[in-house]
S.K.: 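Quick one: the structure is below, and I'll ask about it shortly.
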Amino acid sequence: MGFTKRELVRFFDGLTGLISEEKQSEAKILIRGFILDFEKSYKYEDAVLQKDVPYVPPYYISVMPQSLQEEIREKLTAKLTEWGEYSPEKIEQMMRVKIYDLKELIDIKDYAKWADDEIYRDFARKLEASR
């Protein structure tokens, strides 16, 4: 039996409601990881990156607010300049990836938190709309 993403989100939301509040944040992180892996296994990300697809997940830098994008661009420029690998083309290429792909270059904690918050807000909106 197969599940749609919506059905999986509903299922996990129901399970999360059954556990203690202390464990809920940990469960949400595990669920997010599972959903992201689920999307990858069905080539969801390949479809998202094609032209004319209306939705790009919030963990892509290009979807983040302009102020966050500028911070990331400045940090990448500084790090690549320090390493002697700076080029405008390389910066532009890096600005099109997922924030998680930059964890070796810059501290992504705040940006990943923003993306995680957006993912959960989106899940909550979709779940509320489906009820």
Side-chain angles (χ1 to χ4, degrees):
M1 179 172 129
F3 290 98
T4 64
K5 184 176 176 184
R6 176 180 283 175
E7 291 168 336
L8 282 173
V9 170
R10 270 195 217 144
F11 174 75
F12 286 130
D13 186 55
L15 286 179
T16 304
L18 297 175
I19 60 175
S20 66
E21 281 201 35
E22 300 86 40
K23 296 282 186 177
Q24 283 188 2
S25 62
E26 184 180 337
K28 287 180 180 180
I29 291 170
L30 292 171
I31 290 167
R32 184 202 77 225
F34 178 84
I35 295 292
L36 292 176
D37 288 343
F38 171 79
E39 291 173 346
K40 286 179 189 175
S41 69
Y42 288 96
K43 303 294 183 202
Y44 175 80
E45 291 195 22
D46 291 344
V48 174
L49 296 174
Q50 302 302 317
K51 285 186 169 187
D52 303 323
V53 176
Y55 175 74
V56 175
Y59 41 83
Y60 281 90
I61 297 169
S62 61
V63 181
M64 293 181 172
Q66 194 65 33
S67 60
L68 291 181
Q69 288 185 43
E70 288 306 315
E71 277 182 42
I72 293 167
R73 185 182 306 275
E74 288 172 12
K75 288 179 180 181
L76 287 173
T77 300
K79 183 56 100 174
L80 292 176
T81 301
E82 176 185 318
W83 289 358
E85 297 180 14
Y86 172 81
S87 75
E89 296 82 22
K90 192 165 191 169
I91 294 291
E92 289 309 312
Q93 178 186 8
M94 292 179 141
M95 293 299 290
R96 289 191 292 265
V97 302
K98 296 177 281 185
I99 190 63
Y100 302 108
D101 293 339
L102 300 178
K103 67 183 174 192
E104 303 299 322
L105 290 171
I106 62 173
D107 181 13
I108 65 165
K109 181 177 59 175
D110 293 335
Y111 312 118
K113 183 181 179 337
W114 180 88
D116 289 345
D117 291 346
E118 281 298 306
I119 289 168
Y120 286 118
R121 271 193 289 269
D122 187 45
F123 282 166
R125 280 192 298 260
K126 289 178 181 178
L127 188 61
E128 191 61 36
S130 70
R131 290 184 180 171

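Values below: every heavy atom of this structure, side chains too, minus hydrogens, waters and symmetry copies.
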S.K.: Can you tell me how far apart CD (Glu92) and OG (Ser87) are? Round to the nearest 0.5 Å.
M.R.: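 OG of Ser87 is found 9.5 Å from CD of Glu92.
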S.K.: Could you check whether Asp117 pairs with Lys113 (Lys NZ or Arg NE/NH1/NH2 to Asp/Glu carboxylate O, under 4.0 Å)?
M.R.: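 Looking at Asp117 and Lys113, the cut-off is met.
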S.K.: List in chain and number order the residues that pass side-chain hydrogen bond (donor to acceptor under 3.5 Å, both in side chains) with Lys103, two or more places apart in sequence or in another chain; answer none if no residue qualifies.
M.R.: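 Testing Lys103 for side-chain hydrogen bond (donor to acceptor under 3.5 Å, both in side chains), a comparison that skips the adjacent residues, returns none.
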S.K.: Looking only at non-hydrogen atoms, find the nearest pair between Ile61 and Leu102 and report the distance.
M.R.: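 In this case the closest contact between Ile61 and Leu102 is CD1-CD1, 3.3 Å.
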S.K.: Do Glu70 and Gln66 have side-chain N/O donor and acceptor atoms under 3.5 Å apart?
M.R.: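 Checked: Glu70/Gln66 side chains pair up, N/O donor to acceptor below 3.5 Å.
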S.K.: What pair of heavy atoms forms the shortest contact from Tyr100 to Ala112, and how long is it?
M.R.: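 Shortest heavy-atom separation between Tyr100 and Ala112 comes out as CE2-CB, 3.7 Å.
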S.K.: Please report the closest heavy-atom contact between Val97 and Asp101, naming both atoms and the distance.
M.R.: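 In terms of heavy atoms, the two residues are closest at CB-OD2, 3.8 Å.
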S.K.: Does any part of the side chain of Leu76, heavy atoms only, come nearer than 4.5 Å to the side chain of Met95, both counted from C-beta?
M.R.: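 When only atoms from C-beta onward are counted, Leu76 and Met95 do touch, with a gap below 4.5 Å.
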S.K.: Heavy atoms only: give me the nearest Tyr111-Lys75 pair and the separation to one decimal.
M.R.: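 Shortest heavy-atom contact: OH-NZ, 3.0 Å.
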S.K.: Apply side-chain contact (heavy atoms from CB on, under 4.5 Å) to Ile72 and Ile99, showing your working.
M.R.: CA-CA 9 Å; Ile72 293 167; Ile99 190 63; 3.7 Å; yes
S.K.: Is a side-chain donor or acceptor of Gln69 paired with a backbone partner of Met64 at a separation under 3.5 angstrom?
M.R.: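 Judged by distance alone, yes, a pair lies under 3.5 Å.
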S.K.: Are Asp110 and Glu71 close enough, and set up right, to give a side-chain contact (heavy atoms from CB on, under 4.5 Å), and what steps lead you there?
M.R.: CA-CA 11 Å; Asp110 293 335; Glu71 277 182 42; over 6 Å; no
S.K.: What's the shortest heavy-atom distance between Glu104 and Trp83, and which atoms?
M.R.: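 Here Glu104 and Trp83 meet closest at O-CH2, 4.5 Å.
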S.K.: Could you measure the distance from the CZ atom of Arg73 to the CD1 atom of Ile106? Nearest 0.5 Å is fine.
M.R.: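 The CZ atom of Arg73 sits 11.5 Å away from the CD1 atom of Ile106.
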S.K.: Examine Ile19 and Leu15 and state if one hydrophobic cluster contains both, with Ile, Leu, Val, Met, Phe, Trp and Tyr joined whenever side-chain heavy atoms are less than 4.5 Å apart.
M.R.: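 Per the 4.5 Å side-chain linkage, Ile19 and Leu15 are not co-clustered.
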